[in-house]
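These notes are about the structure you will find just below.
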Amino acid sequence: MAHDKMTAILSSLEEELITTRRDFHKYPESGWTEFRTASIIARKLADEGLPMKLGKDVIKAEARMGLPSEDLLEKHYQRAQETGGDPEFLPYFKGGFTGLVATVDTGKPGPHIGVRVDIDANDLDETQDPGHTPQKEGFASVHDNIMHACGHDAHAAIGIGVMKLMNRLKDQLTGKVSVIFQPAEEGVRGGKSMVEAGVLEDMDYLLGAHIGIGLKEVGLISSGEENFLATTKYDVLFKGAPAHAGNAPDEGKNAILAAASATLGLHGISRHKGGQSRVNVGTLQGGTGRNVIPGEATMKLETRGGTTEINEYMAGRAQSVIEGAARMHEVAYEITEMGSAPASVSDPGLVELFKELATHQDGFDWYGPGIFAGSEDFAYMMQDMEKRGKPAGYAILGTPLKSGHHTKEFDFDERVIMRGVEFLALGIWKLQQLQ
Ligand SMILES: [Zn+2]
Ligand SMILES: [Zn+2]
């Protein structure tokens with residue numbers, strides 16, 4: 001591939017991709033409600049003339065985890081209609097089927113290379129600080145309690161960029177290149193449903209990437225064999241019995257006490273000698289009034305582990321602690337699994353390829369393996385590829401951040417978008433040459 005030609009196409013795409021990213025940032029949508037986002041991605045790729053598989057063709061209904069209520073899905077579908085969602089494509093995603101896969105098919109024999117990007121936002125309010133770039137430039141989130149605070153707006157733009165670039169270089173490529181646009185990554189809820197719908201079945205390679213995560217310069221690349229922590233997300237409902245706190249306290253069963261005891265017990269779970277382990281109770285809510293023994297309490301927690309086994313140990317211990325705390329206070333409890341992802345590793349050959357590209361290509365630098373210490377439901381996809389003996393690899397694309405991931409001041413250097421498109425395109429190009 002003439003690198004000059006690629007550079008020229010990249011510059012011609014830059015303005016559009018930045019505008020697209022800002023548009024996604026302004027209208028963020030959280031897991032399974034990415035109606036507007038998915039419909040606009042589909043519109044852009046349809047205008048490029050690319051074949052796509054949409055909604056139910058790429059998402060297995062029963063394998064979706066942590067699906068919001070039907071009411072919420074409907075409400076956010078309407079919001080998408082009112083805020084510029086594409087009317088032709090919106091119906092494909094209705095009901096929480098907000099993923100798509102687009103393909104550039106050269107018609108020539110060659111490998112099928114997949115790239116996966118995630119497109120969902122986070123449940124938090126964006127900062128009102130007038131110095132925050134999205135506020136200053138007028139593209140801050142217009143919705144309450146939702147914001148792109150992880151960079152998936154950039155990922156969606158990068159996915160569109162890779163497809164357009166590959167399509168415009170089609171005559172110099174072989175085989176097929178697909179981009180998987182995945183919903184509901186936050187909370188690790190969406191990857192599994194696309195795997196189970198079979199989107200990876202004929203893919204020979206799979207690449208994934210995330211911006212930021214501690215790599216502070218644009219162009220800096222990291223990838224390692226040990227990528228993600230395994231994780232499990234639980235919602236817990238403690239159900240006791242309300243009673244008058246003054247005249248009948250002994251008749252009540254205090255759900256808040258059970259939840260509070262469980263919280264302390266959960267954070268006291270012993271560490272594991274075999275590797276990293278984590279537990280966090282992130283929310284705790286309960287009760288109805290000052291003078292009422294609280295009859296209900298709810299808790300959201302997560303466990304993580306350096307290996308799938310260590311996470312299973314943490315999750316198993318968490319269940320025992322919750323059960324013990326509930327019994328101590330004689331309340332009932334329900335544990336619902338809201339999401340989970342295994343630990344997984346990048347293929348060593350792909351790590352080597354990322355390293356070679358980052359070391360030798362202008363504008364890139366190699367950081368080393370790095371430590372992600374997060375979880376990603378890309379792990380489901382990696383596992384699925386591994387099962388079939390096909391390589392999958394994950395890279396971190398550096399950018400300075402104004403504030404950490406999942407914080408209200410989160411912001412990145414937009415140059416990482418074009419760098420990301422370029423890096424993935426170079427990776428695809430290299431893999432084709434290996435065939
Ligand atoms: Zn995130
Ligand atoms: Zn993320």
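Whatever order the structure lists ligands and atoms in, that order sets their numbers, starting from 1.
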So His155 and His210, would you call those rings parallel, tilted or perpendicular, with 30° and 60° as cut-offs?
-> perpendicular

In terms of the angle between their ring planes, are Phe139 and His25 parallel, tilted or perpendicular, with boundaries placed at 30° and 60°?
-> perpendicular

About how large, to 10 degrees, is the angle SG of Cys150, then the Zn ion (ligand 1), then NE2 of His406?
-> 110°

Has His152 got an N/O/S atom less than 2.8 Å from the Zn ion (ligand 1)?
-> no

Centre of Phe97's six-membered ring, under 6.0 Å away, within 45 degrees of the axis: is that where NZ or CZ of Arg64 sits?
-> yes

Test log, rule salt bridge (Lys or Arg N to Asp or Glu O under 4.0 Å), inputs Glu201 and Arg388 = CA-CA 9 Å; Glu201 263 158 26; Arg388 287 178 291 108; over 6 Å; no

Is there an N/O/S atom in His210 at a distance below 2.8 Å from the Zn ion (ligand 2)?
-> yes

Restricting Glu186 to its N/O/S atoms, the closest one to the Zn ion (ligand 1) is OE2

